[in-house]
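Okay, structure first, notes after.
Note that ligands are numbered from 1 as they come in the structure, with each ligand's atoms numbered from 1 the same way. Computed over heavy atoms, backbone and side chain alike; hydrogens, waters and symmetry mates excluded. Treat the numbers as computed from the prediction; the structure is a model and nothing was measured.
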Amino acid sequence: MSENNLLSPNSAPHSDVERIKRESNYLRGSLAETLEDRITASIPDDDNRLMKFHGSYLQDDRDLRNERQKQKLEPAYQFMVRVRASGGIVTPEQWLMMDRVARQYANGSIRLTTRQSFQLHGVLKWDMKPAIQEVHHALLTTLAACGDVNRNVMCNPNPYQSEIHGEVYEWACRVSRHLDPRTRAYHEIWLDEEKVADSRDEDADEEPIYGPVYLPRKFKIGFAVPPSNDVDVFSQDLGFIAVIEEGRLKGFNVTVGGGMGMMHGDPNTYPQVAKPIGFATPEQIVDVAEKTVTIQRDYGDRAVRKHARLKYTIDDRGIDWFTGELAKRLGWNLEPARPFHFEHNGDRYGWVKGSDGNWHFTLFIQNGRVRDEDGYPLMTGLREIAKVHTGDFRLTPNQNLIIGGVKTRQKKKIEALIDQYGLTDGRHDSALRRNSMACVAFPTCGLAMAESERYFPSLLEKIEPMLEEAGLREEDIVIRMTGCPNGCARPMLAEIAFIGKAPGKYNLYLGGGFAGERLNKMYKENIGEAEILDSLKPIIKHYAKERRKGEHFGDFVIRAGYVKEVRDGQEFHA
Ligand code: SRM
Ligand code: SF4
């Protein structure tokens, strides 16, 4: 293993997280012991850091925080468990397992994430092991769902170009497998595998790609199949854009340096769209991914975590430095990028027939939350479908769900169940709602500054009449909300976005590109609901009256002068 990843490129002392990783003996730490500790429902901070690599971390129910504090009780500790599946594809059996685990060990709901993973909330410490064991036995994993490693690899679940989708998906899986952590810690801690000798004593090389301190920060990869940019490829650290010529997959345009996270008021942190740097054949991309990861491993900032993503590594040294370093490590140069064109980043709902003759039904799942509600037994309906379905389920990058690969002879049966449980493809909702996403935020996310998932539907309810009045009910407008500027629902790429600042207060952003190709810009700062509605109403009216044919809302607000266009290298904030 190279020594490089033990050194920071700048001379500043490494952050404490680097110490925790280094001392952890490949992600073991004292997790096995602390999970056994029955005195508290919590775990120590150092272990919680490591827990992320295992796909989970300690939260507390923020709704109960003050009350429990008053009663001198420890916070209502619980764990979030994230289960990854490359490209979001799982079998009906795996769906049934998630459903079972959610009801038995978590809060009775499943959360489909913006990266095509599952999240469970409210798992108690004592239930972590059986829950993770069930996930493992169903051939899914929580390992590397969080932490300073490559995360769930996203892939367009494109139901209307099935053959190409299948091929691109296979490459996404290969890249994902190649970058999986190799440590046996996961098996020892969760699956009761016998502990191997301390690998530090043996000087074993447990992680040929990551090394003993893993990456300086999380790392994200997405595969897009134009014209759909549903994976928001420009938000990824590393993106692959499929190049299809004459119906065949020729290779991928490679993009680097995307990322959404920022901090309010700190211009040293910023969201950024990735840049295309060239073209590679399918057979070359695993190598491209590995070498990109190792560049970030060796040069990423290990001192300041908020400056540790690949986008900053590249910005600090320049894109030419990066492509040069990549070519050096690969031993060859990428070809020049080929032309590509994206049309949208949303999902296409309802039934579509794939080129393989199978059917796919995209359901609208508001903010990815699967649970039974009064009058809408979504979770039960999906369970009943999973019991008879022989195809797959595909989690989309927009927090929706595709019942995929339905054979023609089975379609009627699935259709009947969809009807029986009233499951919706969003047809009765506005196009705005169908193009909406919100992050989790309260009560589980410790970083939330404002509500998101719980509040967004009611805000949409108030915006919808304005659109209706303006004759825009069926106009696709991408709208997103997050409870803080970390950007988990990729709001910086939406045409309208709300980013939480304080309880009930949001920064309003306008002007993102409809196909996820352009960042938006702040229009109003720190405003509450009344001002949000007052601000949007005249703009919506203006758009209805003066938009050009085919002009998207995000383009219009720039042309009409509400916000300036954010071009490459320009400042994002205001
Ligand atoms: Fe995220 C942290 C939820 C996608 C940027 N994100 C978190 C944590 C784990 C909070 C924490 O660290 O304490 C949130 C858990 C909340 C909860 O209670 O469940 C959280 N992120 C989510 C999910 C579940 C949002 C959702 O509603 O679906 C998404 C899970 C993805 C997955 O399945 O792997 C999720 N997070 C994203 C995305 C979008 C994406 O990846 O496409 C981003 C922006 C893209 C990017 O990374 O640049 C994102 N999350 C962050 C950041 C800011 C990272 C940065 O570079 O600054 C944090 C905070 C951090 O890492 O320190 C964060
Ligand atoms: Fe939490 Fe912020 Fe991510 Fe929302 S954007 S889930 S509030 S970290």
Below 4.0 Å from ligand 2: does a non-hydrogen atom of Ser452 turn up there or not?
no
Report the part of Cys484 in contact with ligand 2, treating N, CA, C, O as backbone and CB onward as side chain, heavy atoms under 4.0 Å; options are side chain, backbone, both, neither.
both
Please determine whether a side-chain nitrogen of the Lys or Arg among Arg434 and Asp425 lies less than 4.0 Å from a carboxylate oxygen of the Asp or Glu.
no
Heavy-atom pairs closer than 4.0 Å: do any link ligand 1 to the side chain of Lys306, the backbone, both, or neither?
neither
In this structure, atom 33 (O) of ligand 1 is nearest to the protein heavy atom Thr113 OG1, 2.5 Å
Counting N and O atoms only, with roles assigned by atom type, does the side chain of Asn48 sit under 3.5 Å from a partner on the main chain of Tyr57, one being a donor and the other an acceptor?
no
Is Asp148 salt-bridged to Lys21, cutoff N-O under 4.0 Å?
yes
Write out the residue and atom name of the closest protein heavy atom to atom 63 (C) of ligand 1, then the distance separating them to 0.1 Å.
Lys218 NZ, 3.3 Å
So, applying salt bridge (charged side-chain N to carboxylate O under 4.0 Å, His left out) with Asp237, which one of Arg309, Lys311, Arg217 is it?
Arg309
Would you mind checking which non-hydrogen protein atom is closest to atom 4 (Fe) of ligand 2, with the distance to 0.1 Å?
Cys439 SG, 2.3 Å
Cationic N near anionic O, under 4.0 Å, Lys501 to Glu525
yes
Residue-ligand contact Arg84/ligand 1, heavy atom below 4.0 Å
no
Counting from 1 in the order shown, the ligand 2 atoms closer than 4.0 Å to a non-hydrogen atom of Asn486 are 8 (S)
Ligand 1 contacted by Arg305 (non-hydrogen, < 4.0 Å):
no
Between Asp63 and Arg65 (salt bridge meaning N to carboxylate O under 4.0 Å), is one present in this structure?
no
Flag Cys488 as yes if one of its N/O/S atoms falls below 2.8 Å of atom 4 (Fe) of ligand 2, otherwise no.
no
Backbone N/O of Tyr509 and side chain of Asn520: donor-acceptor pair under 3.5 Å:
no
Specify the protein heavy atom at minimum distance from atom 57 (O) of ligand 1: its residue, its atom name, and the distance to 0.1 Å.
Gly261 CA, 3.5 Å
Ligand 1 atoms nearer than 4.0 angstrom to some heavy atom of Leu447 are 10 (C), 11 (C), 12 (O), 13 (O), 59 (C)
With heavy atoms under 4.0 Å as the rule, classify the contact between Arg82 and ligand 1 as side chain, backbone, both or neither.
side chain
Side-chain ion pair, Arg490 and Asp232, N-O less than 4.0 Å
yes
Nearest protein heavy-atom contact for atom 4 (C) of ligand 1: which residue, which atom, what distance?
Thr114 OG1, 3.2 Å
At a 4.0 Å cut-off, with the gap strictly under it, does some heavy atom of Gln119 reach an atom of ligand 1?
yes
Select one of side chain, backbone, both or neither to describe which atoms of Lys52 lie under 4.0 Å from any atom of ligand 1, heavy atoms only.
side chain
Among the heavy atoms of Asn152, does any lie under 4.0 Å from an atom of ligand 1?
no
Return the residue, atom name and 0.1 Å-rounded distance of the protein heavy atom closest to atom 1 (Fe) of ligand 2.
Cys445 SG, 2.2 Å
Decide whether the shortest distance between a heavy atom of Met437 and an atom of ligand 1 is less than 4.0 Å.
no
Return the orientation label for the Phe240 and Phe252 ring planes: parallel under 30°, perpendicular over 60°, tilted otherwise.
perpendicular
So which heavy atom in the protein is nearest atom 60 (C) of ligand 1, and how far is it from that ligand atom?
Arg217 NH2, 3.4 Å
Measure from atom 56 (O) of ligand 1 to every heavy atom in Arg309, Gln399, Arg151, Arg490 and give the option owning the shortest one.
Arg309
Just checking, is any N or O donor in the side chain of Thr362 or Asn400 under 3.5 Å from an acceptor N or O on the other one?
no
Counting only heavy atoms closer than 4.0 Å, does ligand 1 sit against the backbone of Gln116, its side chain, both, or neither?
neither
Is it true that Asp16 and Arg19 have a side-chain N and a carboxylate O under 4.0 angstrom from each other?
yes
Could you check whether any heavy atom of Ala438 sits closer than 4.0 Å to an atom of ligand 1, since that is the contact criterion I want to use?
yes
Using a strict cut-off of less than 4.0 Å between a Lys/Arg side-chain nitrogen and an Asp/Glu carboxylate oxygen, indicate whether Arg111 and Glu453 qualify as a salt bridge.
yes
Gln236, any N or O under 3.5 Å of ligand 1 N or O
no
So does Arg103 pair up with Asp99, basic N to acidic O under 4.0 Å?
yes
Residue Thr482 vicinity, atoms of ligand 2 by number, heavy atom under 4.0 Å:
5 (S)
Just which atoms of ligand 1 are under 4.0 Å from any heavy atom in His121?
17 (C), 18 (O), 19 (O)
Tyr455 and Tyr506 aromatic ring geometry - parallel, tilted or perpendicular at 30°/60° bounds:
parallel
Which heavy atom of the protein is the closest neighbour of atom 5 (C) of ligand 1, given with residue, atom name and distance?
Asn486 O, 3.2 Å
Could you check atom 50 (N) of ligand 1 against the protein and tell me its nearest heavy-atom contact, residue, atom and distance included?
Cys488 SG, 3.0 Å
Any ion pair linking Glu207 and Arg182 (charged N to carboxylate O, less than 4.0 Å)?
no
Do any of the N/O/S atoms of Cys439, backbone or side chain, fall under 2.8 Å from atom 1 (Fe) of ligand 1?
no
So, Tyr214 versus Phe53, ring centres under 6.0 angstrom or not?
yes
Using a 6.0 Å cut-off, check whether atom CD of Gln69 has over 12 heavy atoms from anything other than its own residue.
no
For the residue pair Thr142 / Tyr186, report whether a side-chain donor-acceptor contact shorter than 3.5 Å exists.
yes
Just to confirm my output: which protein heavy-atom neighbour is closest to atom 44 (C) of ligand 1, and how far is it?
Gly487 O, 3.2 Å
Contact region, Met260 to ligand 1, non-hydrogen atoms below 4.0 Å, reads both
Taking only non-hydrogen atoms of Arg111, do any sit less than 4.0 angstrom from ligand 1?
yes
Between Ile110 and Met379, what is the shortest heavy-atom contact and its length?
CG1-CE, 4.1 Å
Measure up the Tyr349 and Phe364 rings against each other and bin them: parallel (under 30°), tilted (30 to 60°), perpendicular (over 60°).
perpendicular
Proximity flag Gly446 to ligand 1, non-hydrogen atoms under 4.0 Å:
no
Does Tyr57 have a heavy atom less than 4.0 Å from any atom of ligand 1?
yes
Quick note on ligand 1: atoms under 4.0 Å from a heavy atom of Gly259 include exactly 48 (O)
Centres of the Phe79 and Trp126 rings: under 6.0 Å?
no
Atom indices of ligand 2, in the order listed, that fall short of 4.0 Å to a heavy atom of Gly483
4 (Fe), 7 (S)
Identify, by atom number and element, the atoms of ligand 2 in contact range of Ala448, meaning under 4.0 Å from any of its heavy atoms.
7 (S)
Measure from atom 49 (C) of ligand 1 to every heavy atom in Arg115, Lys311, Gln59, Lys220 and give the option owning the shortest one.
Lys220
